[in-house]
Structures are given as C-alpha cells and as structure tokens.
Amino acid sequence: MSMDGRTCVITGSAKGIGRGIAEYLGEEGANVVINYRSSEGEAYEAVDAIESAGGSAVTAQADVSDRAAVENMVEVCHEAFGPADVLVNNAGITADKQFTEMSPEEWNRVMDVNLGGMFNCTQLFYDDLWNAQEGRLINISSVVGKQGNYGQANYAAAKSGMFGFTRTIALELAKGGSTANCVAPGFTATDMLESVPDKVLDRIIAGIPLERLAEVEDIASVVRFLASEDSSYVTGEVIDVNGGMDL
Ligand code: NAP
C-alpha cells in the first residue's frame, strides 16, 4: 500500500471532501488523524470506516482557528502515531453575502478559519513535515480563489491567499526534501453546497464542461497522489480539479 505507516492529519475530515481524503489515505495504509470541530458522531464513523478497511485512525477535536486547540491536536497525533508526515489543510467555511452587505464579522470569521486555521496547523506541524522523509503539505483551496464568485468576496480572498502561502511554504520546505501543493476543487457535492438554491446549481452545472458537480472521490484521488511518493518532484503547484471550468 502506497501510504503504509505514513501519518496523515486531515483537518475537517469528519465529512465531505476531508472525509473522502481520510478514507482514501486510510485504505492505502496510512495512520489517519480525523480532525473535527462539531461533527463528533461522523468523526467516529470515519474512524470505524478506516479501521474496517484495515487502516488506523484516531479523532482529534479542535477548532483550527484556536491555536491552543491545534496544539492539543498535535499532542493527540504524536501520542497516537508519532510525528505527522502529511498535513491536509481542508477545514473551511463560507459566510456568503453581497460585498456591500458583508459585515466585518463575516469577513473575519472566514479569514480566521480558512487562512488562520491553515497558519496554525501548518506552523504547529511544520517541524514534523520538515523532519519527515518527504513530508507533504496539501492545502484545499477552490476554483473560487481563481475566478471569484458573486457573494463570496471573503471566501475568494481566503482561497486566493492559499495560493501564495503554498508557494512560499514550498520554497521554505524544499531544502528539507518536503513539498507543499494546493488542490483547487470546483463545485463539489457536499453539505457546503446545501444552501445553494437548485436554480443557481443548475446554472453552475451548465457552466462546467464535464456537465456535473465533482464527487468527493474526484478530489480525494488527486490528494492521494499528492500525498504519495509518486509526487516527489511536484511542489508549489495549484492543481485544478474542476471539470474544465478554466477552459
Ligand atoms: P463541508 O462538508 O461543509 O465540510 C467542511 C468541514 O470543515 C467540516 O467537516 C467542518 O467540521 C470543518 N470545519 C469547519 N470549520 C472548522 C474549524 N473551525 N475547525 C475545524 N474544522 C472545521 O465542506 P466541504 O465541501 O467538504 O469542504 C472542504 C474544503 O473544500 C473546504 O476548505 C472548502 O472550502 C473546499 N471546497 C469545497 C467546495 C465545494 O463545492 N464543496 C469547492 C471548492 C473547495 P465540523 O463538521 O466538525 O464542524
């Protein structure tokens, strides 16, 4: 198995894209840390699913925007499996509003989780990734970071911010032999799209050359490649997984 014995921390992995990533890496033999903020039941289900497939997993409750909570998650990881080899910064939120109506709180909340959470987790796991035999940092951005999206000035700014962050960390990690990359999913069938009205979803799908939303597995399989040894010479990249939305 390609991830045998590698320790992988995936933020926000009780459900959605993070859960798909966690299960794929677990099936490949990784030791998986399932981070959740509020979805405790789903987090334990994810552990069961990974263990049933022959892998190992533990849960770690932490709001990634809370530095002390992330410090605690690092301890959970070290106690269960030792240092992390792979960190996937997947946890993310939206707080959509047309820009003129957007409150400072809605702006700050999205920055605190999507960028602040990435900062906290990357910094607190940095030594692990640096010291790992080919450590991997993978940040889950969005097509919205490239294209913008009506009502998502906060989210688009945060997701664009991940590109520059990833390229910079790629440069800083490179001397130690570890890599950092971004995955930019297109619209993916998860709870995050639940609040999008059907009419708007139909319009979105009509604009996707492959004529469908992404499934969680479409994103997870690309992350699995980036997390594996097969991607040794790929660093500082943004990999689009969006059904051709940029064409
Ligand atoms: P989702 O189903 O809503 O899942 C988001 C996850 O993030 C949840 O498991 C949630 O944990 C976790 N989370 C949120 N705030 C957190 C915090 N402060 N601390 C720790 N965990 C937190 O959404 P998804 O679609 O899977 O999104 C995953 C990532 O993909 C996000 O970064 C999102 O921006 C990105 N993305 C999604 C799409 C899409 O169309 N779905 C497209 C492009 C990019 P709890 O449930 O435990 O609270």
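Position 1 is the first residue of the sequence; numbering continues from there. Both ligands and their constituent atoms are indexed starting at 1 by order of listing.
- With respect to atom 11 (O) of ligand 1, the closest heavy atom belonging to the protein is R37 N, 4.0 Å.
- With hydrogens left out, the protein atom closest to atom 26 (O) of ligand 1 is I17 N, 2.8 Å, a heavy atom.
- For ligand 1, the atoms closer than 4.0 angstrom to any heavy atom of G16 are 2 (O), 26 (O).
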>> With side-chain hydrogen bond (donor to acceptor under 3.5 Å, both in side chains) as the criterion, how do N120 and S65 come out once you've worked through the C-alpha distance, each side chain's angles and the decisive distance to 0.1 Å?
In response: CA-CA 7 Å; N120 287 334; S65 66; over 6 Å; no
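- Annotation: T190 places an N or O atom under 3.5 Å from an N or O atom of ligand 1; distance criterion only.
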> Under the side chain to side chain contact (heavy atoms under 4.5 Å, CB included) criterion, do C8 and N31 qualify, and how do the steps go?
Replying inline: CA-CA 6 Å; C8 303; N31 301 320; over 6 Å; no
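- Ion pairing between D191 and K15 holds under the 4.0 Å rule for side-chain N and carboxylate O.
- Atom CD of E229 is surrounded by 12 or fewer heavy atoms from other residues, nucleotides or ligands within 6.0 Å.
- When K15, M192, R19 are checked for heavy-atom proximity to atom 8 (C) of ligand 1, K15 turns out nearest.
- If you check which protein heavy atom lies closest to atom 40 (O) of ligand 1, you get T188 N, 2.8 Å.
- For atom 46 (O) of ligand 1, the closest heavy atom belonging to the protein is S39 OG, 2.5 Å.
- Distances from atom 20 (C) of ligand 1 to the heavy atoms of G12, A14, G20, A62 show the closest one on A62.
- When only interatomic distances are considered, the shortest N/O to N/O separation between S142 and ligand 1 does not fall below 3.5 Å.
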>> Would T188 and I219 count as a side chain to side chain contact (heavy atoms under 4.5 Å, CB included) here? Give the steps.
In response: CA-CA 8 Å; T188 309; I219 315 303; 4.0 Å; yes
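- Heavy-atom proximity to L193, at under 4.0 Å, picks out these atoms of ligand 1: 40 (O).
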> Stepwise, does the side chain to side chain contact (heavy atoms under 4.5 Å, CB included) test hold for R167 with V238?
Replying inline: CA-CA 9 Å; R167 286 173 187 271; V238 178; 4.3 Å; yes
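- Between D218 and R212 there is a salt bridge, since a side-chain N of the basic residue sits under 4.0 Å from a carboxylate O of the acidic one.
- Counting protein heavy atoms only, atom 18 (N) of ligand 1 is closest to D63 OD1, 2.8 Å.
- Side chains of T122 and N89: a donor on one and an acceptor on the other come within 3.5 Å.
- Contact between T11 and ligand 1 is absent, with no heavy atom of the residue lying under 4.0 Å from the ligand.
- Within 6.0 Å of atom CG in D198, 12 or fewer heavy atoms from other residues, nucleotides or ligands are found, so the atom counts as exposed in its surroundings.
- Once rounded to the nearest 0.5 Å, the distance linking OG1 of T59 with OH of Y44 reads 3.5 Å.
- A salt bridge between E42 and R19 is absent, with no side-chain N of the basic residue lying under 4.0 Å from a carboxylate O of the acidic one.
- Side-chain contact check for Q152 and D96: at least one donor-acceptor pair (N or O, by modelled atom type) lies under 3.5 Å.
- Within the 4.0 Å heavy-atom criterion, the part of I93 lying near ligand 1 is the side chain and not the backbone.
- Nearest-residue assignment for atom 35 (C) of ligand 1 (options F187, Y155, Y36; heavy-atom criterion): Y155.
- The N/O atoms of G18, backbone and side chain alike, include none that comes under 3.5 Å of an N/O atom in ligand 1.
- To the nearest 0.5 Å, atoms OG (S232) and CG (L226) are separated by 11.0 Å.
- Contacts between K159 and ligand 1, counted as non-hydrogen atom pairs separated by less than 4.0 Å, involve the side chain only.
- For the pair A214 and ligand 1, no heavy-atom separation below 4.0 Å is found.
- In this structure, S141 is part of the shell of residues with a heavy atom less than 4.0 angstrom from ligand 1.
- Among all non-hydrogen protein atoms, the one lying nearest atom 31 (C) of ligand 1 is N90 O, 3.1 Å.
- Protein heavy atom at the shortest distance from atom 48 (O) of ligand 1 is S38 OG, 2.6 Å.
- By the criterion of a heavy-atom distance under 4.0 Å, the side chain of V113, and not its backbone, is placed next to ligand 1.
- Residue N35 has at least one heavy-atom neighbour below 4.0 Å for each of these atoms of ligand 1: 20 (C), 21 (N).
- Summary of contacts: the protein heavy atom closest to atom 19 (N) of ligand 1 is V64 N, 3.0 Å.
- The shortest side-chain heavy-atom distance between F187 and M245 falls under the 4.5 Å cut-off.
- Interface of G92 with ligand 1, defined as ligand atoms under 4.0 Å from a residue heavy atom, comprises 5 (C), 7 (O), 14 (C), 31 (C), 32 (O).
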